[in-house]
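Read the structure below first, then the notes.
Numbers here simply count residues along the sequence, with the first being 1.
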Amino acid sequence: LLRYPYKNPIVFDLLLHKLDGEWYRKRSYGNYLDKVNIPTFVGGPFHGPFGVAQTSVWNKLTNTPYKRLHMFRDMDPRPWNSHREELLQWYEYWLKGIDTGIMEEPVCIVETCGGDTLELDNWPPREEGLVGQRTFYLGQKEKLLPQFRMDLNMDEPDSFLQRPLFISEERGKLCYRTAPLSEDLQIVGSPVLKFYASIDQPDTTWRIDMYEGGHESPWPITKGWLRASLRKRIPEQDTFWELKHDATEFDYPIPGEIYEYEIMFRPTAHIFRAGTSIEIEISSIDIPSDETSYDEMWHLCKCQTCLHKIYRDKDHLSTLTLPILLKQDKQ
């Protein structure tokens, strides 16, 4: 960055402004979306960081007379031209008054990771009777359990060690997996991982990834991050699409102390078929040579070796909560 300061100046700005505050608020379009008063089409892929932005934009457009959302699996190579015919139908209707049939289409279309298409009224869906929750508990021997089970040696935490990149490019991690599912399970929205942990350094970056157990693809279904020093929650500012953390000041954890962390995965839609399993990974680093980090390298790596301990005993119930589609008449 110092050698080529004008190549990506925004990255330099981000490094200079480590915490949320006035600098970001002046520049964030999210603070002005409630002023939009024209019909708005929101669309793009779940892939990478795009799903978070689209979900936020869609839900913050509170004063537009009409809005439409289309989330698809991936975008074409550059130049991007995905769904251009659909966009032309939208513009011809609103700008030229041509009845293209676009207004007869569902308000919210979501293409799932598994290839199915959901037709909904909202994203994330929240209609009563349509969406529920399923909770799994982190258990011994890296299991995800449908009920908490008090086994022997539950007080002994799981752990992984992460060394800095100048020493090793191996990513330390813990993997928790359910037993094979007895029936299909459709998740729609943002899963939440709440866990209890300690570290032996003043800070770390928690990274969480979700996979279909037994997967061959290196790409996670969805993922999320949280800096340990920015773990403080502001639940009164939560929305149905976002958990709010206080990013205005650092609160460094005391090494060796146990803290609660609550992280929301990026929004996704995926069917875990019967016979497959749900798998989550907990780690703390992005590595350039690691395929699972290929789509983004936004997180600065820590320069100290850090021991991470995950607790899941009766006093520290660590859980994975999934938003589940209960029924789907429009498909």
Side-chain angles (χ1 to χ4, degrees), residues 133-163 171-179 187 189-211 213 220 222-238 242-247 249-266 277-286 299 301-302 304-323:
Q133 290 185 338
R134 182 77 61 86
T135 298
F136 293 89
Y137 295 82
L138 275 61
Q140 195 178 26
K141 297 182 179 178
E142 300 185 45
K143 294 179 180 179
L144 273 177
L145 304 170
Q147 294 92 27
F148 175 73
R149 193 173 67 202
M150 190 62 190
D151 293 332
L152 293 174
N153 302 317
M154 284 294 289
D155 293 337
E156 183 66 25
D158 300 321
S159 63
F160 69 91
L161 188 72
Q162 184 59 61
R163 295 182 292 173
R171 184 163 65 93
K173 60 186 176 181
L174 288 168
C175 302
Y176 294 88
R177 183 186 293 190
T178 67
I187 61 173
S190 298
V192 174
L193 181 66
K194 184 177 77 171
F195 62 97
Y196 292 85
S198 68
I199 56 176
D200 66 350
Q201 297 293 331
D203 206 1
T204 192
T205 300
W206 295 108
R207 168 182 167 176
I208 55 175
D209 296 74
M210 179 177 290
Y211 293 93
T222 181
K223 55 176 109 172
W225 295 264
L226 180 66
R227 182 66 58 86
S229 56
L230 297 175
R231 68 191 177 281
K232 183 180 177 182
R233 292 270 288 107
I234 315 177
E236 62 272 18
Q237 295 184 23
D238 285 352
E242 181 184 33
L243 292 183
K244 186 66 175 178
H245 292 85
D246 185 1
E249 61 179 350
F250 291 116
D251 182 8
Y252 293 101
I254 299 172
E257 292 290 318
I258 301 174
Y259 295 91
E260 178 185 290
Y261 297 93
E262 195 168 10
I263 310 177
M264 178 176 273
F265 288 85
R266 287 171 170 170
S277 57
I278 303 167
E279 181 179 301
I280 60 169
E281 288 184 358
I282 302 177
S283 60
S284 67
I285 200 169
D286 293 339
H299 307 95
C301 304
K302 292 299 177 182
Q304 301 85 26
T305 298
C306 185
L307 178 64
H308 305 73
K309 294 183 178 181
I310 307 296
Y311 297 81
R312 65 285 182 283
D313 56 77
K314 61 182 178 61
D315 297 321
H316 304 94
L317 295 179
S318 294
T319 59
L320 171 68
T321 302
L322 305 176

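- Across all non-hydrogen atoms, the minimal contact from I310 to A197 is CD1-CB, 3.8 Å.
- Contact annotation: the side chain of L320 approaches that of M210 to within less than 4.5 Å [non-hydrogen atoms, C-beta and beyond].
- In this structure, D286 and W225 have side chains that are in contact, with non-hydrogen atoms separated by less than 4.5 Å.
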Test side chain to side chain contact (heavy atoms under 4.5 Å, CB included) on I187 and T222; report intermediate values, then the result. CA-CA 11 Å; I187 61 173; T222 181; 5.6 Å; no
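- Distance check: L322 CG to Q133 CD gives 9.0 Å after rounding to the nearest 0.5 Å.
- With D200 contributing its side chain and L307 its backbone, the two residues share a donor-acceptor pair below 3.5 Å.
- Between atom OH of residue Y196 and atom CG of residue D313 there is a gap of 10.0 Å, rounded to the nearest 0.5 Å.
- At least one side-chain heavy atom of D158 sits less than 4.5 Å from a side-chain heavy atom of R312.
- Under the 4.5 Å side-chain criterion, counting only non-hydrogen atoms from C-beta, Y259 is in contact with I254.
- Under 3.5 Å, the side chains of E142 and Y176 contain no donor-acceptor pair of N or O atoms.
- Atom SG in C175 sits 4.0 Å away from atom CD in E281 (nearest 0.5 Å).
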Output, in order, the C-alpha distance, side-chain angles, deciding distance and verdict of side chain to side chain contact (heavy atoms under 4.5 Å, CB included) for L230 and F250. CA-CA 6 Å; L230 297 175; F250 291 116; 3.7 Å; yes
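- With hydrogens and angles ignored, the 3.5 Å screen pairs a side-chain donor or acceptor of T178 with a backbone N or O of I278.
- For D209 against S283, the heavy-atom pair with the smallest separation is OD1-OG, 4.5 Å.
- Rounding to the nearest 0.5 Å gives a distance of 9.5 Å between CG of L145 and CD of Q140.
- Checked options R227, H308, K302, Q304; the residue passing with T204 is H308 (criterion: side-chain hydrogen bond (donor to acceptor under 3.5 Å, both in side chains)).
- Panel note: side chain D238, backbone K244; a donor-acceptor pair is recorded below 3.5 Å.
- Taking 4.5 Å as the limit, some side-chain heavy atom of L144 sits within range of a side-chain heavy atom of L138.
- Listed by chain and residue number, L226, R233, L243 satisfy the side-chain contact (heavy atoms from CB on, under 4.5 Å) test with H245 (two or more places apart in sequence, or in another chain).
- Side-chain contact check for M154 versus F148: some heavy-atom pair is nearer than 4.5 Å.
- Taking the side chain as every heavy atom from C-beta outward, I234 and E236 approach each other to under 4.5 Å.
- In summary, the side chains of R207 and S284 do not present any donor paired with an acceptor at a separation below 3.5 Å, with no hydrogens or angles considered.
- Nearest heavy-atom pair, P323 versus S190, reported as atom, atom and distance to 0.1 Å: CG-N, 3.8 Å.
- Residue G224 comes nearest to I263 through the heavy atom pair C-CG2, 4.3 Å, listed as atom of the first residue, atom of the second, then distance.
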Run the numbers on R149 and Q147 for side chain to side chain contact (heavy atoms under 4.5 Å, CB included), then give the verdict. CA-CA 6 Å; R149 193 173 67 202; Q147 294 92 27; over 6 Å; no
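- Smallest separation of non-hydrogen atoms from P255 and P202: CG-N, 4.2 Å.
- In this structure, V192 and F265 have side chains that are not in contact, with every pair of non-hydrogen atoms separated by 4.5 Å or more.
- Minimum interatomic distance between W206 and A228 (heavy atoms only, all atoms of both residues): NE1-CB, 4.0 Å.
- Between Y261 and F195, the ring-plane angle classifies as parallel under the 30° and 60° cut-offs.
- Q162 places no side-chain N or O within donor-acceptor distance of the main-chain N or O of R171, the cut-off being under 3.5 Å.
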When you look at D155 and M150, which way does the side chain to side chain contact (heavy atoms under 4.5 Å, CB included) test go after all the steps? CA-CA 9 Å; D155 293 337; M150 190 62 190; 4.3 Å; yes
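- Separation of atoms OG1 (T319) and CZ (R134) is listed at 14.5 Å; rounding is to 0.5 Å.
- Note: Y137 OH to T321 OG1 = 8.0 Å, rounded to the nearest 0.5 Å.
- Note on ring orientation: taking the six-membered ring where Trp is involved, the planes of H316 and Y311 are tilted (angle from 30° to 60°).
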